[in-house]
Amino acid sequence: MSSPIVKLVAQRVALGVVLLLAISVLIFAGTQILPGDVAQAILGQSATPESLANLREQLGLNDPAYVRYFHWLGGVVTGDLGTAMSSGQDIATSIKGRLWNTLFLAFWAAVVAVPLAIILGLIAVRYRNGWVDKLISGLALASTSFPEFFIGYVLVYFFAVKWQIFPGISTVYDGMPFGERMQAIALPAAALTLVVLAHMMRMTRAAILNVMQSAYVETAELKGLSAFNVIRRHAFPNAIAPIINVVMLNLAYLIVGVVVVEVIFVYPGMGQYLVDHVTKRDVPVVQAVGLIFAAVYISLNIIADIAAIVANPRLRHPK
Amino acid sequence: MADSKAKSGLLLDIRNLRIEATVYPPGEAPKNIVLVHDVSLTLEKGKVLGLIGESGAGKSTIGLSSMGYGRGGVRITGGEVILNGRDILKGGKEGFRKLRGREVCYVAQSAAAAFNPAHRLMDQVVEATLLHGTATRAEAEKRAVALFKKLSLPNPETIGERFPHQVSGGQLQRVMTAMALCSEPDLIVFDEPTTALDVTTQIDVLAAIKDAIRDTHVAALYITHDLAVVAQVSDEIMVLRHGRLVEWGGTRQIIKEPRQEYTNALVSVHEIEHHEQQPGTTPFLSVKNVTAAYGRSHIKVLKNVSVDIYPGQTLAVVGESGSGKSTLARAITGLLPPEEGTVTFDGRPLANKLADRPKEDLRQLQMIYQMADVAMNPRQTVGTIIGRPLEFYFGIRGRERDKRVAELLDKIEMGKGFSDRYPAELSGGQKQRVCIARSLAAKPKLIICDEVTSALDPLVANGILKLLLELQKEESVAYLFITHDLATVKSIADSIAVMYRGEVVRYGPKSKVLTPPFDAYTDLLLSSVPEMEIGWLEKAIKGRRMASAGN
């Protein structure tokens with residue numbers, strides 16, 4: 001790899017790290033501003049002032065905020081996310097399994113959604129302004145416009161209740177056979193696919209249509225290439241950067257934004273974990289999950305940036 | 001004249017071609033317009049026919065019809081296009097695809113835009129050949145390398161591994177010609193293949209194309225608006241205007257004995273009478289030892305440049321792209337503060353930065369740009385656009401302003417009815433006139449004209465130049481005229497500065513600069529300007545002392 005790429009990639013990664021640090025400060029500060037006292041929350045209304053003071057001392061709540069921040073950050077960096085107040089369990093251990101579940105669901109939703117969106121986008125461009133294009137765009141927009149819980153319940157109604165093909169509740173456990181696991185996540189994955197499909201497909205279509213105005217597309221047509229080959233060989237490679245960007249945004253959504261879908265299907269992922277602990281005002285868990293979501297979001301966007309840089313032949317092959 | 005030809009040698013026979021398009025004027029119902037009115041032409045195997053005319057003459061449209069292609073919704077609605085004995089219009093989409101890239105190939109105006117930036121050159125050059133299955137990949141690549149050699153491209157063995165952005169414009173244009181020749185077609189449509197190039201590069205590309213046509217016996221339609229260029233390569237020339245045939249004849253007859261008045265106007269387009277003025281005693285604007293660079297780059301775009309401009313006179317700055325002509329304008333106007341050197345105006349130094357200059361200094365220096373349509377706010381009327389400097393510099397408003405706008409419109413030979421029009425409703429030449437009026441409205445001492453005629457058709461450009469000269473007499477305004485077109489320089493300059501790679505290599509009164517002995521670069525530049533003379537190309541190539549920078 002040539003030097004401009006290495007430099008650009010290093011810049012992006014460094015920026016990402018700085019951004020993540022800034023977000024950790026925000027998350028920490030945000031949870032500090034929240035009303036309520038952690039010691040009070042743990043011990044309940046009936047706690048005596050002495051026990052409260054003791055617990056505060058024990059938790060280090062009397063230290064200045066920056067000391068607590070670095071203490072917390074130091075723990076995060078070494079893999080110690082603290083203990084959940086509500087259950088007293090180690091957060092890192094309980095998150096591990098759930099993060100794995102969320103990634104599993106997001107991965108399979110992406111495996112279906114991304115190629116499907118891009119292929120539909122290509123087809124829409126091939127038959128642009130015709131009925132095929134309008135049908136694809138219409139259906140995709142409709143599926144995005146419906147709220148995800150509505151799509152979720154519609155899927156449950158037909159596939160779980162009426163036809164009983166897939167389970168309506170996506171319980172998964174450790175050691176579950178792969179096939180059963182796939183069956184369990186079929187409906188939430190389908191719901192997620194429908195939610196993210198339109199955005200990616202519309203962007204693919206728009207990005208390629210933009211490139212279709214170029215002189216080199218005319219050159220390709222004048223070589224006698226078929227319409228679909230013109231799009232695939234000549235338009236698509238030049239539209240890849242904006243498409244990757246949208247794809248990555250949607251992948252981030254698949255991981256970070258699945259809260260509602262996970263709750264509907266009672267899927268034991270990060271989203272549900274977060275919702276549970278927000279209701280319990282379990283600050284360390286909210287902090288930990290917030291930071292993980294931020295990290296996922298930032299790294300996917302960095303990947304998108306890097307992919308766009310690498311996709312540019314001018315940067316890949318300098319003069 | 002087609003009658004005299006042997007039928008067997010006939011390659012292309014277009015009969016009564018009619019091409020239409022639907023236009024959507026703003027605020028009106030869509031309407032059909034006819035772009036090409038029943039044009040007929042014939043082309044024998046191995047011959048070159050030049051199609052010439054202004055923009056909108058229908059030359060590209062006719063050229064592309066030989067491939068059954070219509071740009072942006074253009075439809076062939078009548079006539080026959082008989083290629084190799086069959087009417088291709090009856091072949092349908094499948095038939096078009098089979099002939100494109102095999103029987104007929106296309107060379108576009110801007111090869112830089114016509115190559116896909118994402119693929120290596122070789123893959124693109126052999127693509128059509130492989131698609132139509134006329135050769136294996138190895139054979140096609142061998143053929144391509146041979147063509148690269150023939151077109152005298154540097155490193156013919158390896159240039160195909162490069163990406164388009166790694167190759168210069170002149171070289172890309174030749175690679176594109178190789179791409180067209182690679183599938184060994186019967187006909188190539190050259191669509192203004194050298195128009196986007198510098199003159200010094202154009203001559204090489206032109207020679208390469210001419211040799212390639214001769215050696216491969218391919219027939220060609222050569223489309224251009226430059227009669228001098230087409231005279232070098234074609235056997236016959238067809239003059240078109242507004243989608244109709246004006247005149248069709250042998251090259252010698254068209255340029256020596258044009259039968260139609262319009263052809264005559266095209267032939268004698270650059271003849272403007274201008275008496276050179278001697279430089280006065282004191283220049284009002286002096287550029288002294290200016291050095292400038294973009295950003296913090298160590299590459300200096302201007303190196304120690306000094307020129308003087310005298311009241312009411314024209315200094316022409318010539319050079320090819322990248323020579324620093326426009327940067328000089330930016331340094332004078334303060335858009336790019338020079339790193340070293342000064343610009344003095346009326347005996348006092350001008351502030352380096354635009355932001356530090358008083359309004360009065362801004363008023364004295366006005367600019368006109370190459371692209372008139374992007375230099376105007378599309379949502380303002382002509383009256384507003386011209387009236388704006390009146391309000392801004394002089395505080396003239398209301399009826400007084402309207403009166404001045406009407407006077408200015410009168411000066412640029414446009415009626416005051418244009419005052420309520422929007423830029424989109426004007427032709428290219430009219431837009432440039434409005435820009436001229438806008439700059440005149442400020443009553444400046446100097447107008448910087450940056451390639452103001454480059455985007456215009458020759459006849460329209462000629463009108464603009466004449467107008468500029470008249471206005472100079474009336475208003476005694478000075479011009480700094482930036483151009484790459486030496487013919488323009490010859491017609492209007494009083495003094496000339498020749499720029500090459502950021503330096504002024506030759507500077508002085510026009511008569512002196514254009515009189516031998518020349519330095520190597522000026523010689524190259526002057527000898528590269530196409531002349532309306534058969535055989536000029538060969539003579540010019542032979543007499544060159546220096547290779548052009550674009551190669």
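Here is how names work: the chains are called A, B, and so on, in the same order as the sequence lines, proteins then strands, and each is numbered from 1.
For the pair Arg100(B) and Tyr69(B), the NZ or CZ position fails the cation-pi test of under 6.0 Å to the six-membered ring centre and within 45 degrees of the ring normal.
Side chains of Asn210(A) and Arg205(A): no donor on one and acceptor on the other come within 3.5 Å.
Between chain A and the residues Ser110(B), Ala113(B), Ala128(B), the largest count of heavy-atom pairs under 4.5 Å involves Ala113(B). For the set Asn312(A), Val211(A), Asn238(A), Thr219(A), the entry with the most heavy-atom pairs within less than 4.5 Å of chain B is Asn238(A). When the candidates Ala114(B), Ala111(B), Ser183(B) are compared by the number of heavy-atom contacts under 4.5 Å with chain A, Ala114(B) comes out ahead. When each of Thr129(B), Asn116(B), Val167(B) is checked for heavy-atom pairs under 4.5 Å with chain A, Asn116(B) comes out on top.
In summary, the aromatic rings of His317(A) and His165(B) are positioned with their centroids too far apart to meet the 6.0 Å limit. Annotation: Phe28(A) is in aromatic contact with Tyr69(A) [ring centroid separation under 6.0 Å].
Arg12(A) has a carboxylate O that lies under 4.0 Å from a charged side-chain N of Asp305(A), or vice versa, which qualifies the two as a salt bridge. Arg97(B) and Glu94(B) are joined by a salt bridge, as a carboxylate oxygen and a charged side-chain nitrogen come within less than 4.0 angstrom of each other. The pair Arg120(B)-Asp123(B) does not count as a salt bridge, with every side-chain nitrogen at least 4.0 angstrom from each carboxylate oxygen. A salt bridge is defined here as a Lys NZ or Arg NE, NH1 or NH2 lying under 4.0 Å from an Asp or Glu carboxylate O, and Lys59(B) with Asp191(B) fails to meet this definition. Between Glu184(B) and Arg143(B) a salt bridge is recorded (basic side-chain N to carboxylate O distance below 4.0 Å).
Below 4.5 Å, heavy atoms of chain B meet heavy atoms from Leu222(A), Lys223(A), Gly224(A), Leu225(A), Ser226(A), all part of residues 222-229 of chain A.
Contacts between Ala108(B) and chain A at a heavy-atom distance below 4.5 Å are absent for every atom of the residue. Using a 4.5 Å cut-off between heavy atoms, Gln124(B) contacts chain A through both its backbone and its side chain. Proximity to chain B is absent for every atom of Gln213(A), based on heavy atoms less than 4.5 angstrom apart. In this structure, the portion of Arg71(B) lying under 4.5 Å from any heavy atom of chain A is its side chain and not its backbone. Within the 4.5 angstrom heavy-atom criterion, only side-chain atoms of Leu64(B), from C-beta onward, approach chain A.
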Audit row: Glu127(B), Arg137(B), salt bridge (Lys or Arg N to Asp or Glu O under 4.0 Å) steps and yes/no: CA-CA 9 Å; Glu127(B) 188 174 18; Arg137(B) 188 167 187 105; over 6 Å; no
